[in-house]
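See structure below.
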Amino acid sequence: MASSSSSPEEQYGNEATDNYETTCWGCGLRVMLPSCASVFKCGWCGAITDHNKKKHDEKCFGWRVLRDRCFLSVVMVFMFFVILGGVWAIYPVVFSVSLLWGIFHSIITTILSIATISFFSLAAFRCAGTPPNILWGSYPTVGKGDLDNYRFCHYCLKPKSPRAHHCRSCGKCILDMDHHCPFIGNCVGAANHYSFICFIISAVLSTNYVSIMAVYSSWHMWPPLSHTLGRLKGITGRDVAWRIMNEIFIAFLRSALFLSSRGLLLLYLFIASFSLQIGLSVLLWQQLSLIYEGKTYLSNLSSQEDNEEEEEEEEEKKDCQNLVRFFGLQYSVSRFLSIFHVTRKRHDT
């Protein structure tokens, strides 16, 4: 009732001299295997058993939970600090320009703040997705192929589907796990991957907006630059440009000493938002690239470790339809195209 799989780690040795009897964890059937067979796939239910799989120590589980909660608290405090601090520092300048200008930017700030906090909460506090509970362990209840390519999780003590990975930080198996993000204190899986991507998009837009408004407000409240160019007489060539830049930079630093508390906060908001914008943009590009290829971060790592035997199949998986399906736009686009086709047909008739 057992059959060897095609992967190299599951192949049996041909020079085995004796066999031993074991039991499939999926259906409970007894099988005879060569003495060198440590990994086998049940011929009835399809479950994979790995005798060499050892359970890792879970002593650091409490520290991982504490680390995630600390990161989560810091991120939440920083988000509220940027929102409230930006409103306090920027909006006196914005409303001084005109009332409509201030109302317009108040609406934009409200939309970006609500979207960022909402998607962050869904990604952080929503379950990342656990594999479905299925019947296992008894031959009459487990049909043929019901546990195909399933493995047994020694931490959760239940079957683990081929699309699931066990996260030792969360202490459970996650379906379609992409990675564990300590900044949200949660895994990114099948149930919250969409919320995580939307959070990154809203965070990139928010940091871009904060950096632009910080520069705009600083332009109106920055003290005048006082620098002298008398010492530049008699200097020609490349040294002139260098001395001019040096004098302007020194004057910029001197004028920063006379900044008010709002000005200093604007300077910090610009540096923080601009640096975060770069990092989040790189992360967003990586995530969208993996979605385009039909992969997750963990599956991409595992595919890089394996031999490249199915390059043509991998190329077929790369499609913009993966992005359309991920964001749930397939139904909306098809509905729009059908309506457009009907209206155009009516117009032609």
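Side-chain contact check for E293 versus N322: every heavy-atom pair is 4.5 Å or farther apart. A heavy-atom distance below 4.5 Å is found between the side chains of I134 and L147. In this structure, the side chains of I48 and F40 stay at 4.5 Å or more apart for every pair of heavy atoms. Using a 4.5 Å heavy-atom threshold, the side chains of P162 and Y150 count as touching. Put simply, the side chain of P131 does not reach to within 4.5 Å of the side chain of K158, judged on heavy atoms. With contacts defined as side-chain heavy-atom distances shorter than 4.5 Å, the pair L283/I200 qualifies. Using a 4.5 Å cut-off on side-chain heavy atoms (C-beta onward), F71 and C181 make no contact.
Note: the hydrophobic cluster containing V74 does not contain I184 (ILVMFWY, side chain heavy atoms under 4.5 Å, direct or indirect links). In terms of hydrophobic clustering, with Ile, Leu, Val, Met, Phe, Trp and Tyr side chains grouped at heavy-atom distances under 4.5 Å, F270 and I278 are assigned to different clusters. Residues I271 and V215 share a hydrophobic cluster, clusters being chains of Ile/Leu/Val/Met/Phe/Trp/Tyr side chains in contact below 4.5 Å. When hydrophobic clusters are built by joining Ile, Leu, Val, Met, Phe, Trp and Tyr residues whose side-chain heavy atoms come closer than 4.5 Å, directly or via intermediates, L84 is not grouped with I107. Under the 4.5 Å side-chain heavy-atom criterion for ILVMFWY residues, a single connected hydrophobic cluster contains both W136 and L157.
To the nearest 0.5 angstrom, I111 atom CD1 is 11.5 Å from L205 atom CG. Atom OG1 of T296 is separated from atom CG of L175 by 10.5 Å, given to the nearest 0.5 angstrom. The structure places NE2 of H193 at 10.5 Å from OG of S195, a figure rounded to the nearest 0.5 Å. Here I212 contributes atom CD1 and F274 contributes atom CZ; the two are 10.5 Å apart, rounded to the nearest 0.5 Å. Rounding to the nearest 0.5 Å places CG of L288 at 6.5 Å from CG of L323. The CZ atom of F327 sits 6.0 Å away from atom SG of C198, with the distance rounded to the nearest 0.5 Å.
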Solution key, residues 112-120 side-chain donor-acceptor pairs under 3.5 Å, sequence neighbours excluded:
residue	atom	partner	partner atom	Å
S113	OG	T109	O	2.7
T116	OG1	L112	O	2.8
T116	OG1	S206	OG	3.1
S118	OG	I114	O	2.6

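Judged purely by atom type and a 3.5 angstrom limit, N186 uses its side chain to pair as donor or acceptor with the backbone of A123. Side-chain atoms of S217 never come within 3.5 Å of backbone atoms of A214 as a donor-acceptor pair (strictly under, hydrogens ignored). With hydrogens and angles disregarded, a donor-acceptor distance shorter than 3.5 Å links the side chain of S289 to the backbone of W285. A side-chain donor-acceptor contact under 3.5 Å links N192 to the backbone of C187. Although no hydrogens or angles enter the test, the distance criterion places a donor-acceptor pair under 3.5 Å between the side chain of D146 and the main chain of G143. Put simply, the side chain of S96 gets close to the backbone of V93: a donor and an acceptor are under 3.5 Å apart.
Contacts of Y194 classified as ring-ring contact (aromatic ring centres under 6.0 Å, His included), with partners at least two apart in sequence or in another chain: none. H105 pairs by the side-chain contact (heavy atoms from CB on, under 4.5 Å) definition with Y91, V94, W101, Y209, M213, not counting sequence neighbours.
By the neighbour-count criterion of 12 heavy atoms within 6.0 Å, atom CZ of F125 is densely surrounded, having more than that number from other residues, nucleotides or ligands. For Y216, the OH atom is densely surrounded, since the number of other residues' heavy atoms within 6.0 Å is greater than 12. In R69, the CZ atom is not crowded: 12 or fewer heavy atoms of neighbouring residues, nucleotides or ligands sit closer than 6.0 Å.
The heavy-atom pair separating L266 from S218 by the smallest distance is CB-OG, 3.6 Å. Here the closest heavy-atom approach between residue C167 and residue I174 is recorded as CB-CG1, 4.3 Å. Here the closest non-hydrogen pair linking C153 and H166 is SG-ND1, 3.5 Å. The heavy-atom pair separating R151 from W25 by the smallest distance is C-CZ2, 3.4 Å. When all heavy atoms of C320 and Y292 are compared, the closest pair comes out as N-CE1, 3.6 Å. The two residues G26 and V142 come nearest to each other via the heavy atoms O-CG2, 3.5 Å.
The other residues sharing a hydrophobic cluster with L66 are W63, where clustering joins ILVMFWY side chains under 4.5 Å apart. Its side chain within the 4.5 Å cluster rule, L276 clusters with F78, F81, V82, W88, V210, L265, Y268, L269 among the Ile, Leu, Val, Met, Phe, Trp and Tyr residues.
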Give the C-alpha distance, both sets of side-chain angles, the deciding distance and a yes or no for side-chain contact (heavy atoms from CB on, under 4.5 Å) between K41 and D148.
-> CA-CA 9 Å; K41 182 177 181 180; D148 189 29; 3.0 Å; yes

Start with the C-alpha gap between T49 and F152, add the side-chain angles, then the distance that decides, and say whether side-chain contact (heavy atoms from CB on, under 4.5 Å) holds.
-> CA-CA 7 Å; T49 302; F152 186 77; over 6 Å; no

C24 and R30: side-chain contact (heavy atoms from CB on, under 4.5 Å), yes or no, with the steps?
-> CA-CA 6 Å; C24 174; R30 295 183 178 274; over 6 Å; no

List the steps, then state whether side-chain contact (heavy atoms from CB on, under 4.5 Å) holds for V204 with F199.
-> CA-CA 9 Å; V204 170; F199 163 67; over 6 Å; no

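In summary, the aromatic rings of Y139 and W44 are positioned with their centroids under 6.0 Å apart. Aromatic ring centroids of F196 and H179 lie under 6.0 Å apart.
For residues 170-182, the salt bridge (charged side-chain N to carboxylate O under 4.0 Å, His left out) pairs, not counting sequence neighbours, are R163-D176.
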